[in-house]
Amino acid sequence: MSRALSGKIVIATHNAGKLREMRELLGPCGIEAVSAGELGLGEPEETGADFVANALIKARAATAASGLPALADDSGLCVEPLGGLPGVASARFASEAGGFSQAMAKILAELEASGAPRPWRGCFISALAVVWPDGTEASFEGRVDGDLVAPRGERGFGYDPIFQPDGHFRTFGEMESTEKHGIPADGSRALSHRARAFQKMARALLVPS
Ligand code: IMP
């Protein structure tokens with residue numbers, strides 16, 4: 001069940017890169033977004049088996065702690081020849097590797113060692129969950145497929161430099177955020193996983209201001 005999302009909401013993330021992207025995407029809809037970090041809310045453990053389950057865990061915790069409707073996302077990079085890893089463990093994989101440069105190098109080394117034929121395929125997935133204080137819930141998933149390549153570009157965040165989306169010759173790390181999201185004015189398909197999930201959510205829950 002769902003309803004329109006409006007007014008003040010809490011974005012259940014402590015990740016500055018994701019918060020910035022979410023604010024850019026929500027801006028045109030006149031929604032005032034405060035973050036869980038700004039409200040000093042804690043971070044629940046992400047114990048879900050998939051992206052939607054983790055997004056719901058974060059949104060439920062943020063709405064319970066703030067009394068506001070909450071929007072949470074969970075996202076990650078799934079590398080096909082590595083069985084979909086790092087997947088829901090994308091953030092942990094990077095911190096255990098000692099940072100994103102090391103994590104990207106590790107993924108490429110594992111791909112090399114696997115002997116998997118090129119192009120190495122993968123996708124970014126983003127799940128968005130909205131939970132209202134009365135317990136109403138909605139969730140949406142966006143995905144973008146592409147090739148895993150040697151790192152290029154310093155824009156964006158996380159694993160952006162090693163991901164070249166299908167139909168493009170530049171990695172997410174080489175794109176301006178408007179190009180990465182590819183939010184089309186004509187209502188056609190957005191590009192990034194997060195923008196695609198947002199587009200689904202917007203069609204279901206948002207009223208342009
Ligand atoms: P979580 O959703 O906060 O659990 O973490 C998702 C992980 O995937 C983080 O390590 C992010 O850096 C990475 N990730 C998610 N979306 C993107 C993206 O658009 N570009 C690059 N890395 C991403």
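Atoms within each ligand, like the ligands themselves, are counted from 1 in listed order.
Judged purely by distance below 3.5 Å, without hydrogens or angles, the side chains of Ser177 and Arg155 never pair a donor atom with an acceptor atom.
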What donor-acceptor contacts under 3.5 angstrom involve side-chain atoms of residues 144-152, with partners at least two apart or in another chain?
from	atom 1	to	atom 2	distance (Å)
Asp145	OD1	Arg143	NE	3.3
Asp145	OD1	Arg143	NH2	2.8
Asp145	OD2	Arg143	NE	3.1
Asp147	OD1	Arg121	NH1	2.8
Arg152	NE	Glu174	OE1	3.2
Arg152	NE	Glu174	OE2	3.4
Arg152	NH2	Gln164	OE1	2.8
Arg152	NH2	Phe169	O	3.1
Arg152	NH2	Glu174	OE1	3.2

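Under the 4.0 Å criterion applied to side-chain N and carboxylate O atoms, Lys200 and Glu141 are not assigned as salt-bridge partners. Between Glu38 and Arg23, at least one side-chain N (NZ, or NE/NH1/NH2) sits under 4.0 Å from a carboxylate O, which counts as a salt bridge.
Under the side-chain contact (heavy atoms from CB on, under 4.5 Å) criterion, Ser101 pairs with no residue at all, not counting sequence neighbours. Every residue meeting the ring pair (Phe, Tyr, Trp, His ring centres under 6.0 Å) condition with Phe100, not counting sequence neighbours, appears here in chain and number order: Tyr159.
Protein residues having at least one heavy atom under 4.0 Å from any atom of ligand 1 are Lys18, Glu46, Lys58, Asp74, Ser75, Gly76, Ser90, Ala91, Phe100, Phe124, Phe157, Gly158, Tyr159, Asp160, Lys180, His193, Arg194, listed by chain and number.
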